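Report on the following structure.
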Number of protein chains: 2
Amino acid sequence: MRLTTKGRYAVTAMLDLAFHSQTKPVTLVEIATRQTISLSYLEQLFARLRRAGMVKGVRGPGGGYTLCGSANDINIADIIMAVDERVDSTKCGGEANCQKHQACLTHDLWMGLSEQIRDYLKSITLGQLLEKHHVQGVAKRQEQDAARVIEVHRHPEANVSAL
Amino acid sequence: MRLTTKGRYAVTAMLDLAFHSQTKPVTLVEIATRQTISLSYLEQLFARLRRAGMVKGVRGPGGGYTLCGSANDINIADIIMAVDERVDSTKCGGEANCQKHQACLTHDLWMGLSEQIRDYLKSITLGQLLEKHHVQGVAKRQEQDAARVIEVHRHPEANVSAL
DNA sequence: ATAATAGTTGACTATTTTGCTGGGTTAAGT
DNA sequence: ACTTAACCCAGCAAAATAGTCAACTATTAT
């Protein structure tokens, strides 16, 4: 399991998609502008995500991408692995032909850790993240509201609508 | 929090160090040969680890590196962050000047996830990994012993010492 | 039919990271 | 003095990352 900016881009885009594709397909152009990711880079990422069966492309006017299935059925580990292009990740790929015992020991340790991380990310779904964020968002808005109440007392003209 | 091969090298080297520096300092040459990492790359990694206060260098003959403190006090997240050279990691670095609300929302989501991963890795120490591995190692050896018993019955000449 | 939309593909470039080489200098033990 | 090692650089080649460009194909609204 590797965590790079590439995976972050993919997760971010999928989050955006999950958030906006409730009613209609979302175009990559929208995601690109919202998330400030280059369109063509998104195209590459979504090509992999589509091949992994996580999103579905809808052609023609009004088209775009939608999630395949519910946001609650899509976990973070799968997204990252879909775009990450697994490359053996070890020099002695689990083979028994590795003479260097010590190397294999620590190598085993790392693999175990990596697996733990993967399991962990597998237990987190897009739906959970959105849900969690929703809660946080509400909390944050409440904070801001409270701050605005205080602020209004000093600068009554600053009472702008925040959303 | 990023997980790359660089971090893996660092964790691997630290595991090796924790395992072998019980009595005396361990030279980078030893680690390099055991873990098949280039000496100069190790030097770079250990320069950072030293600056982070995780290892102590001892010069001169009989010198090498030792852990600063117990293996139970060194967690994985700190090792990775020490070598990883934090580079802002976000375009709108938490600033309030980011107009793109939507971008910040999903960005927040990712940051939250990243933090969860970091907390998770912070909860795992070198000592725990070594301990865990020790248990696994014993179990694996027992498996192999059992397999050898079976094997001996078929090919008595294959009774080589495995360790 | 045809134009518009939008995905598909592949090649191509710039930048960054990675892993490594080799040259030193400095401190400490013999 | 001499050796052993940490320590410190400057640079470098290969790979990965991030992004670009352009031609192409499939779908659908009109």
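Computation of the quantities below employed the complete heavy-atom set of this structure, encompassing side-chain atoms and omitting hydrogens, waters and symmetry-equivalent molecules. Note on naming: letters A, B, ... go to the chains in the order of the sequence lines (proteins, then strands), and numbering restarts at 1 for each one. Keep in mind that what you see is a predicted model, and the values were worked out from it rather than measured.
Counting any heavy atom pair closer than 4.0 Å across all strands shown, A/Leu39 reaches no nucleic acid atom. Counting any heavy atom pair closer than 4.0 Å across all strands shown, A/Gly63 reaches sugar-phosphate atoms only and no base atom. As judged by a 4.0 angstrom heavy-atom cut-off over every strand, B/Val58 is placed among residues touching the sugar-phosphate backbone only. Among the protein residues, B/Tyr65 comes within range of the sugar-phosphate backbone only, with heavy atoms under 4.0 Å from sugar or phosphate atoms but none that close to a base.
Using a 4.0 Å cut-off, no side-chain N or O of A/Thr27 falls inside it from OP1 or OP2 of C/dT5. For the pair B/Tyr41 and C/dG19, the criterion of a side-chain N or O lying under 4.0 Å from OP1 or OP2 is met.
Looking at which nucleotide of DNA chain C each of B/Pro61 and B/Val83 is closest to, the 5′-most match is held by B/Val83.
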For nucleotides 22-26 of chain D, give me every protein contact, N/O to N/O, under 3.5 Å, one pair per line with atom names.
from   : atom 1 : to      : atom 2 : distance (Å)
D/dA26 : O4'    : A/Arg59 : NH1    : 2.1

Could you go over nucleotides 14-16 of chain C and give all protein N or O partners under 3.5 Å, atom names and distances?
none

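Atom CG of B/Leu28 and atom C1' of D/dC7 are 10 Å apart (whole Å). At whole-Å resolution of the value, CG in A/Leu17 and P in C/dG7 are 11 Å apart. Atom pair B/Leu42:CG and D/dC7:P shows a separation of 13 Å (rounding to whole Å applied).
Taking only distance into account, the side chain of A/Gln44 meets the base of D/dG19 through a donor-acceptor pair shorter than 3.5 Å.
Residues A/Leu49 and A/Val58 do not share a hydrophobic cluster, defined by chaining ILVMFWY side chains whose heavy atoms lie under 4.5 Å apart.
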